[in-house]
Each structure stands twice: as C-alpha cells, then as structure tokens.
> 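Dumping the structure here so I can ask a few things about it.
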Amino acid sequence: MPELPEVEALRGFLTGACVGKVVARSELVAFACLKTFELPLSALNGLEVDGVERRGKFVCLSVDGLWLVFHLARGGWLTWKDAMPQAPARPGRGPLALRVVFDDDSGFDLTEAGTQKRLAVYVVKTLEDVPGIATLGPDPLADDFTPAVLDAILARAGRAQLKGVLRDQRIIAGIGNAYSDEILHAARMSPFKPSNGLSDAERETLYAAIRSELADAVARSAGLAAKELKGDKKLNLRVHGRTGQPCPVCGTTIAEVSFADSSLQYCPGCQTGGKPLADRRLSRLLK
C-alpha cells in the first residue's frame, strides 16, 4: 500500500508532469471506484491543472477550481505515459480503473491489482467534500506536528496499542502498515505497547523516529519516476516484509504477527526484549 513517502513522491512527480496541462479526456473504466456523483468526471475536460497537493495518503489535483482526488488503497498504483492510446479505454477484466489524458497526449492510468477493489476517486469542489480527508489527523511531517501534539495524541489513545494508533488515519495522517513497522523498530518499541505507557524519554524517542523515518523515506523518493517508487520502498525497509531475515541492527531473526487480512513484522531483539509476540488471533503478548 502506498503510504506518505510514496504519495508525497507522486505529488512531486505529478506537479512536474501535469501542472499547466489541460485535461483532454477522462475515462472511467472501473465504475465502482468513483465515489462522488454531484460532478461528473467530464466536468474536468477542458480545464487546466494548476497544482497538486497531498492530504495524508490522498493525491489531490487542483483543476481550475475543481479537484480530482484519488486514494490508491492497498492495490492501487499510478502509471504515467508520455503518449496515451488514442482508442478509448473500455471496461474489462484488467486492472485499469481510470485514465486521464492531457492536451499533449500524455497522461496517467490508475490501476488496481487484486480482488479487493478499494481504490477511490473523487471529483469535488473542495477537499473537505472528501469524507476521508475531512476526518484526517495531523500530518506527521508538518511544522505544527510537535512533540506536544504527539504527547496529546498518546494520552487520548489510552491503552490503545502503538501500532494501531500510528496506522489510524483519523489520529495521524499518512502512516500505514509498512512505515509503522519501521518507526516502531527505529524506536525499539513493541507494536503492542500501550500508548499511555510511554515514559517522557520514550515519547521523545517515538517522535524522533516518526519524523526521521518518514523524512528519510521522502528524501529517498524525491525525483523518482512513479514506476520506480515501489521498488525503492521495498529496498529500504528494514523489518516490514522481511520475516525470517536477520535484523540489520542486532541480527535477531525478524518475526511476524498475522491478522485476518494483514500482518506486521518486528525484531524481538530490538523491540520486545527477546520475547516473541503471539498471533493476535489467538492470544495476547506472551509473557
């Protein structure tokens, strides 16, 4: 799933690729991905893209007073083409969900792999008209995301586990499964540690890990083409997706906890004092 660093890189890429261009046509292929109906996609045709913004994991194209917003969800991605096909896109069994073509014949496809179709597209007058944006928590890389803001978040979360707090878009915007694993590894904290159980020093450590892990990932992704972002992300993850491999910090074998539809990875040596975590479908943390 694309998270804050990859979405920020897409924002930068699209800013250079399509700002100043006019939408020639927009073709909806997977009809279920369009979540708004007040404005049709055709309302964008003939209008100029004048900016690209990011809100959490949402990419937001400003199109002459309107907004084209999309969320790539778990299996979605963007593919840019300097020369798009002239023939109209047609619904079928493939992954194509939406095609946007500009006046110079360049454009992008939004595709979605897998059977869980969650990619979402919105055409709105204001960003607050997108429900997921209206309820977003603070951006963890914004200047106003201070240690005091994180302290207040953790206090409000009570005994909620750190992993869940970091992933909840209503609490902190943009962090998903992969970077929450990486942040907690950098902070040397169990994913199941209660949010209100951190000492002053641990809260400072967690704040530093959030800022540094995300900022470093954004810096690595800057300037990469859209097609290169997935590979760069996987290459630079230390624990997420690396079950059974040695931890690059301490050498302990990286372990996994499975859930119904996802999993997390962690280093027992760095994060849990050598104790394994139980499968959360069965029991709580082993003691």
Side-chain angles (χ1 to χ4, degrees), residues 1-2 5-55 57-114 117-127 129-130 133 218 220-233:
M1 176 185 292
E6 296 79 51
V7 177
E8 176 62 19
L10 280 177
R11 182 206 63 76
F13 173 82
L14 289 172
T15 297
C18 63
V19 167
K21 296 182 179 181
V22 173
V23 178
R25 67 181 195 273
S26 47
E27 302 169 357
L28 185 64
V29 180
F31 298 101
C33 77
L34 184 63
K35 307 302 181 183
T36 52
F37 306 99
E38 180 180 354
L39 296 169
L41 270 174
S42 59
L44 303 172
N45 296 346
L47 302 182
E48 181 179 322
V49 178
D50 51 34
V52 185
E53 298 184 15
R54 176 186 61 79
R55 296 290 189 275
K57 301 179 189 178
F58 291 86
V59 178
C60 313
L61 276 69
S62 175
V63 190
D64 197 15
L66 301 179
W67 291 91
L68 172 63
V69 180
F70 56 88
H71 189 293
L72 295 170
R74 176 173 292 184
W77 199 245
L78 179 147
T79 302
W80 178 266
K81 298 179 181 179
D82 291 327
M84 297 295 285
Q86 294 299 312
R90 299 186 180 280
R93 296 179 178 271
L96 182 61
L98 174 71
R99 172 167 291 165
V100 176
V101 182
F102 297 108
D103 53 348
D104 64 352
D105 292 330
S106 68
F108 62 84
D109 287 340
L110 295 184
T111 59
E112 186 171 22
K117 301 302 182 181
R118 296 178 179 175
L119 185 147
V121 176
Y122 309 81
V123 181
V124 292
K125 294 179 180 178
T126 69
L127 293 181
D129 291 334
V130 178
I133 291 179
V218 168
R220 287 194 305 267
S221 301
L224 293 180
K227 63 182 180 181
E228 300 175 293
L229 290 172
K230 285 185 179 181
D232 179 78
K233 176 182 180 180

> Is it the case that the side chain of Glu112 and the backbone of Arg118 share a donor-acceptor pair, with hydrogens and angles ignored and the cut-off at 3.5 Å?
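Confirmed, Glu112 side chain pairs with Arg118 backbone.
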> Once you measure the plane-to-plane angle for Phe70 and Phe108, does it fall in the parallel (<30°), tilted (30-60°) or perpendicular (>60°) bin?
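Ring orientation of Phe70 relative to Phe108: tilted.
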> Considering all heavy atoms of both residues, which atom of Ala87 and which atom of Arg99 are nearest to each other, and what is their separation?
O-NH1, 4.2 Å
> Is there a donor-acceptor pair under 3.5 Å between the side chain of Lys35 and the backbone N or O of Ala32?
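Yes; judged by distance alone, with no hydrogens or angles, the pair exists.
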> Using every non-hydrogen atom in the two residues, find where Gly107 and Phe102 come nearest and quote the distance to one decimal.
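Residues Gly107 and Phe102, closest heavy atoms: CA-CD1, 3.8 Å.
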> Quick one: OH on Tyr122 to NE2 on His71, what's the gap to the nearest 0.5 Å?
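Taking OH in Tyr122 and NE2 in His71, the distance rounds to 8.0 Å.
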> If I take atom CZ from residue Phe58 and atom CG from residue Leu127, how far apart are they, to the nearest 0.5 angstrom?
10.0 Å
> Got a donor-acceptor contact below 3.5 angstrom from the Asp104 side chain to the Ser106 backbone?
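Present.
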> Backbone N or O of Val218 within a donor-acceptor pair of the Glu8 side chain at under 3.5 Å?
no
> Between Asp109 and Thr79, do the side chains contain an N or O donor and an N or O acceptor separated by less than 3.5 Å?
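Short answer, no.
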> To the nearest 0.5 Å, how far apart are CD in Glu6 and CZ in Arg220?
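Going from the CD atom of Glu6 to the CZ atom of Arg220 covers 9.0 Å.
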> Heavy atoms, side chains only, cut-off 4.5 Å: are Phe31 and Pro91 in contact?
yes
> Are Lys125 and Leu66 close enough that some pair of their side-chain heavy atoms sits under 4.5 Å apart?
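With C-beta onward as the side chain, the pair touches.
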> Any side-chain heavy-atom pair from Glu27 and Pro88 closer than 4.5 angstrom?
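Touching, per the 4.5 Å side-chain cut-off.
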> If you look at every heavy atom in Thr126 and Val124, which pair is closest and at what distance?
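Taking Thr126 first and Val124 second, the nearest heavy atoms are O-CG2, 3.2 Å.
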> Taking all non-hydrogen atoms of both residues, which atom of Ala9 and which atom of Ser221 are closest, and how far apart?
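Residues Ala9 and Ser221, closest heavy atoms: CB-CB, 3.6 Å.
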> I'd like to know if the side chain of Ser26 and the backbone of Leu41 have a donor-acceptor N/O pair within less than 3.5 Å.
yes
> Walk me through it: do Cys60 and Val130 pass the test side chain to side chain contact (heavy atoms under 4.5 Å, CB included)?
CA-CA 10 Å; Cys60 313; Val130 178; over 6 Å; no
> Which of these passes side chain to side chain contact (heavy atoms under 4.5 Å, CB included) with Leu61: Leu68, Val19, Val23?
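One option only clears the test, and that one is Leu68.
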> For the pair Val69 and Arg55, evaluate side chain to side chain contact (heavy atoms under 4.5 Å, CB included) and give the outcome as yes or no after the intermediate values.
CA-CA 10 Å; Val69 180; Arg55 296 290 189 275; over 6 Å; no
> Just so I know, are the side chains of Leu14 and Trp80 near enough to count as touching, which here means a heavy-atom distance under 4.5 Å?
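Of all side-chain heavy-atom pairs linking Trp80 with Leu14, at least one is under 4.5 Å.
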> If you define the side chain from C-beta out and look only at heavy atoms, does anything of Glu48 sit under 4.5 Å from Asp103?
no
> Indicate the atoms forming the closest heavy-atom contact of Leu119 with Gly76, along with that distance.
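Between these two residues, the closest heavy atoms are CD1-CA, 4.0 Å.
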> Check whether any side-chain heavy atom of Leu229 lies under 4.5 Å from a side-chain heavy atom of Lys233, and answer yes or no.
no
> Looking only at heavy atoms, which two atoms of Gly65 and Asp50 are closest? And how far apart?
N-OD2, 4.4 Å
> Any donor and acceptor pair, going by atom type alone, linking the side chain of Thr36 with main-chain N or O of Val123 inside 3.5 Å?
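Side chain of Thr36 to backbone of Val123: a pair is present.
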> Pick out which of Leu10, Thr111, Val59 makes a side chain to side chain contact (heavy atoms under 4.5 Å, CB included) with Leu72.
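The residue from Leu10, Thr111, Val59 that satisfies side chain to side chain contact (heavy atoms under 4.5 Å, CB included) with Leu72 turns out to be Leu10.
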> Going through the checks in order, is the side chain to side chain contact (heavy atoms under 4.5 Å, CB included) test met by Gln86 and Asp105?
CA-CA 8 Å; Gln86 294 299 312; Asp105 292 330; 3.7 Å; yes
> Determine whether Val49 and Lys21 make a side-chain contact, defined as any pair of heavy atoms from C-beta on separated by less than 4.5 Å.
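Val49 does not reach Lys21 side chain to side chain.
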